Amino acid sequence: MTMHPILAALRKHKAGVVLIALQIALTLAIVCNAVFIIGQRIERVNRPTGLDESNLMLVSQQWVGAPSGDDAASVEKLDSLQLTDLVALRAMPGVASVAPINSLPLLNSSWNGAVDHKPGDTNQGSFHGTRTTYYFSDDQALSTLGLRLVAGRNFTAADVGHQGFRDNSEPSVVILTKALADKLFPKGDALGKVIYLNGSTKPTTVVGMVERMQVPGTGTWTNSFVWNATLVPTRLDANFSRYAIRAKPGQLDAVMRAVTPVLYKVNPMRVLDDDSVRSFAQIRDKAYQADRGMAILMGVVALILLCVTAAGIVGLTSFWVGQRHRQIGVRRALGARKIDILHYFQIENLLIAGTGVVIGVLLALSLNMWLMSHYEMTRIPVLYVLTGVLAMLAIGQAAVFVPARRASNVPPVVATRAV
């Protein structure tokens, strides 16, 4: 089969060819980037936090009438209230361990700062360093959260202190995530080294490293330090508190139902609403609700575009088949086989789709660059674009097959008499 008849036919139908090619190009550009966005969202939703998420829950509550100042008497009173809660919670049936905590991964409530090898400037706010999120807890944090210690030791009861919520004093020891430790000490010798928190001049010693712990934020702004967590052996004393609770296997639901009455029995002067007691599964579900919604939306848009493009190819090819009954009949009468007619329309579609995907690749890369500059997207991998090209060509061939097969089945006599 020569290309001349196909090219001549396409030149006679320039408008249809241009419209289908542009439709394929736009579909390829949008679908490639949509699928890339979906892939990023799915990867983010499924990434591990570093915690043992099963049987883990969080209680958030606020005191009523408790002191709110930062003086020593207020801080001691708040710490006493918190310690009383911890004793009651740890004594509950079905509870394995409890730790006070200022936040958890995926909670979108964080205390951020920076760590460095050297002390900071005495001018407040002038420090620089590696960005990190601080988790304030006690010596039961690792067992409660299910963190895996890969080097060094856990906190001891002697390490744990307490301070007011607005107190900027720095601890003497900390535990870092391995990702943060490797950034600070690329040789892998962070254990026992001294660091400085938030531009402080007080040295802090690294006594342990955990394998992984995600920061609380889930936005793209956290991508640069998503695993840079620092555990601080300190109970924060404020007019609100959070408690991470690990239930014994199979006891999570029972503990979640019982925890509110227990806390009210200890001290009724507090606020616990419907959102105060949550399992970590509920925290994860809420944190990634927008990502799942975006993935579903992008998937629906991509599917609609593919269906519209396929329908356009089918419609245009069917229209051309109807217009070319005479030419088809002549070719069949001259000895063209059914397979020749089928191949004719398939090659014709392949030329149109090929032109469309070349333009579509350029549009896809341009759209990705625009998204990178406006929405902190990363560069789309070549594999996504190549997969999109092959998918569009395959869809084009599948869409043209039915009308092309119908054309190949037209008898030569019927086709010539129909004109």
Side-chain angles (χ1 to χ4, degrees), residues 1 3 5-42 293-325 327-328 331 338-368 371 380-410 415:
M1 179 183 295
M3 298 295 295
I6 298 176
L7 297 175
L10 292 178
R11 282 195 294 268
K12 293 180 180 179
H13 302 87
K14 293 179 182 178
V17 171
V18 171
L19 288 175
I20 291 297
L22 289 178
Q23 187 175 7
I24 291 173
L26 288 173
T27 299
L28 176 63
I30 295 173
V31 169
C32 281
N33 283 278
V35 172
F36 179 51
I37 292 172
I38 292 171
Q40 284 191 315
R41 292 296 190 272
I42 292 175
M294 176 64 75
I296 293 172
L297 177 62
M298 291 290 101
V300 170
V301 169
L303 182 60
I304 291 174
L305 283 173
L306 291 173
C307 291
V308 169
T309 301
I313 294 172
V314 170
L316 184 64
T317 307
S318 298
F319 175 72
W320 284 348
V321 168
Q323 282 191 326
R324 299 177 189 177
H325 270 200
Q327 291 90 331
I328 294 171
R331 292 198 62 195
K338 290 184 178 181
I339 193 68
D340 296 327
I341 303 299
L342 184 65
H343 285 170
Y344 175 90
F345 285 101
Q346 287 180 322
I347 294 173
E348 183 179 74
N349 173 265
L350 190 62
L351 291 175
I352 299 172
T355 303
V357 297
V358 170
I359 300 173
V361 167
L362 298 177
L363 289 177
L365 297 177
S366 300
L367 179 58
N368 177 245
L371 291 172
I380 186 171
V382 177
L383 180 61
Y384 278 86
V385 180
L386 293 178
T387 303
V389 168
L390 295 176
M392 289 306 303
L393 294 176
I395 289 172
Q397 289 298 291
V400 81
F401 180 78
V402 173
R405 188 169 181 271
R406 188 166 60 247
S408 68
N409 288 329
V410 175

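Worth saying up front: this structure is predicted, and the values here are computed from it rather than measured. Side chains included, hydrogens not; waters and symmetry mates left out as well; all remaining heavy atoms used.
When all heavy atoms of Asn368 and Phe36 are compared, the pair lying nearest together is ND2-CE2, 4.1 Å. Nearest heavy-atom pair, Cys32 versus Tyr384, reported as atom, atom and distance to 0.1 Å: SG-O, 3.8 Å. Scanning all heavy atoms of the two residues, the minimum distance from Val357 to Leu28 falls at O-CD2, 3.4 Å. When all heavy atoms of Ala295 and Arg41 are compared, the closest pair comes out as CB-CB, 4.3 Å.
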For residues 385-399, please give each side-chain donor-acceptor pair under 3.5 Å, one per line with the distance, not counting sequence neighbours.
| unit_1 | atom_1 | unit_2 | atom_2 | d |
| --- | --- | --- | --- | --- |
| Thr387 | OG1 | Leu383 | O | 2.7 |
| Gln397 | NE2 | Gln346 | O | 3.0 |
| Gln397 | NE2 | Asn349 | OD1 | 3.2 |

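Looking at residues two or more places apart in sequence or on another chain, you find a side chain to side chain contact (heavy atoms under 4.5 Å, CB included) between Ile304 and Val300, Val308. Legend: residues meeting side chain to side chain donor-acceptor pair (under 3.5 Å) with Gln23, ordered by chain and number and at least two apart, are absent. Every residue meeting the side chain to side chain contact (heavy atoms under 4.5 Å, CB included) condition with Leu303, not counting sequence neighbours, appears here in chain and number order: Cys307. With sequence neighbours excluded, the residues forming a side chain to side chain contact (heavy atoms under 4.5 Å, CB included) with Ile359 are Ala25, Thr355, Leu363, listed by chain and number.
Listed by first then second residue, pairs satisfying side chain to side chain donor-acceptor pair (under 3.5 Å) with a partner in residues 24-40 read Thr27-Thr309, Gln40-Thr378, not counting sequence neighbours.
Summarising the geometry, atom CD1 belonging to Ile42 is positioned 13.0 Å from atom CE belonging to Met294; distances are rounded to the nearest 0.5 Å.
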